[in-house]
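Quick caveat, the model's predicted, so the values are computed rather than measured.
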Amino acid sequence: QPLAPVQEIPDKLFFKIGEVSRIVGVEPYILRYWESEFPALRPRKNRSGQRVYVKADLDLLFKIKQMLYQDRYTIAGAKQRLNDKQSVRPKAHSRPGQDALEKVKKSLREILEIMDRYDQR
């Protein structure tokens, strides 16, 4: 039985795969398959190895679902369409401070990696 999609995304920073499955309206195994097929979809994993999705991941999942289920694209066609959209995206539309924010995010990810390595000792 397919899961009914919930239109409103809860106001949270992170989502587990079960929550994402209910929100997007597809089974978790489909989300894992899409992750293997769409390079842009790469949810992070927490320390216990569980997938952790953010709102940007959910937006991408809704686009993928629409292309596959409503627009009737093949996986290859949807992949190409996403690649075309990402390569055409103009840099001029970036928000002020976005580059600085990206640098901070990168630094925080590096710190998390160091902490994860330290925890594994």
Side-chain angles (χ1 to χ4, degrees):
Q1 97 190 22
L3 298 169
V6 176
Q7 296 299 339
E8 189 172 316
I9 298 174
D11 190 24
K12 295 172 55 172
L13 292 177
F14 304 107
F15 303 86
K16 291 183 180 177
I17 195 166
E19 296 171 294
V20 174
S21 172
R22 285 188 296 278
I23 292 167
V24 176
V26 297
E27 295 289 337
Y29 72 89
I30 293 174
L31 296 174
R32 289 188 293 272
Y33 175 69
W34 287 353
E35 183 181 329
S36 72
E37 290 294 321
F38 295 93
L41 181 61
R42 288 287 174 256
R44 294 188 320 215
K45 293 189 179 180
N46 63 16
R47 291 181 183 174
S48 62
Q50 294 177 323
R51 286 167 176 79
V52 179
Y53 295 83
V54 294
K55 286 186 180 184
D57 294 326
L58 271 68
D59 291 338
L60 179 57
L61 286 167
F62 279 117
K63 287 177 191 169
I64 292 170
K65 181 181 176 187
Q66 178 178 346
M67 284 190 281
L68 296 176
Y69 292 16
Q70 293 171 341
D71 301 340
R72 310 301 286 171
Y73 279 85
T74 62
I75 292 283
K79 238 191 277 197
Q80 183 62 48
R81 175 79 185 219
L82 283 174
N83 286 339
D84 291 347
K85 281 185 177 180
Q86 289 175 351
S87 64
V88 174
R89 184 176 297 147
K91 190 73 172 173
H93 290 297
S94 63
R95 298 184 312 258
Q98 187 172 4
D99 291 335
L101 181 61
E102 290 303 318
K103 287 179 185 177
V104 170
K105 286 181 183 179
K106 182 180 178 193
S107 297
L108 288 173
R109 283 190 205 101
E110 291 170 357
I111 291 169
L112 280 173
E113 288 176 17
I114 292 168
M115 291 173 66
D116 283 341
R117 285 195 298 264
Y118 181 77
D119 283 346
Q120 292 174 358
R121 292 182 183 171

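- Hydrophobic clustering (ILVMFWY, side-chain heavy atoms < 4.5 Å, transitive): Leu101 and Val54 are in distinct clusters.
- Distance NZ/Lys63 to CG/Asp71: 13.0 Å, rounded to 0.5 Å.
- The salt bridge (charged side-chain N to carboxylate O under 4.0 Å, His left out) search around Arg47 returns Asp116, Asp119, not counting sequence neighbours.
- With hydrogens and angles ignored, the 3.5 Å screen pairs a side-chain donor or acceptor of Ser107 with a backbone N or O of Lys103.
- Interatomic distance, Phe15 CZ to Ile23 CD1, rounded to the nearest 0.5 Å: 5.0 Å.
- Two different hydrophobic clusters hold Met115 and Phe14 under the rule that ILVMFWY side chains link at heavy-atom gaps under 4.5 Å.
- The neighbour count for Lys55 NZ, taken as heavy atoms of other residues, nucleotides or ligands under 6.0 Å away, is above 12.
- Among all heavy-atom pairs drawn from Pro43 and Tyr53, the shortest one is CG-CE2, 3.6 Å.
- To the nearest 0.5 Å, atom CD1 of residue Ile64 and atom OH of residue Tyr69 are 10.5 Å apart.
- Closest approach of Lys79 and Phe38 over heavy atoms only: N-CE2, 3.6 Å.
- In this structure, the side chains of Tyr33 and Val26 stay at 4.5 Å or more apart for every pair of heavy atoms.
- The minimum heavy-atom distance linking Val24 with Lys65 is given by the pair O-NZ, 2.7 Å.
- With rounding to the nearest 0.5 angstrom, the CG atom of Leu68 is 4.5 Å from the CD1 atom of Ile75.
- To the nearest 0.5 angstrom, Gln80 atom CD is 6.0 Å from Asn83 atom CG.
- At a threshold of 4.5 Å between non-hydrogen side-chain atoms, the residues Glu35 and Arg42 count as touching.
- The CG atom of Leu41 sits 9.0 Å away from the CH2 atom of Trp34 when rounded to the nearest 0.5 Å.
- More than 12 heavy atoms of other residues, nucleotides or ligands shown are found within 6.0 angstrom of NZ on Lys12.
- For Lys105 and Glu102, the salt-bridge test passes: some basic side-chain N is under 4.0 Å from an acidic carboxylate O.
- Leu60 and Tyr29 fall within a single hydrophobic cluster, where Ile, Leu, Val, Met, Phe, Trp and Tyr are joined by side-chain heavy atoms under 4.5 Å apart, directly or via other members.
- Exactly one of Leu31, Asp57, Val52 qualifies for a side chain to side chain contact (heavy atoms under 4.5 Å, CB included) with Val20. That residue is Leu31.
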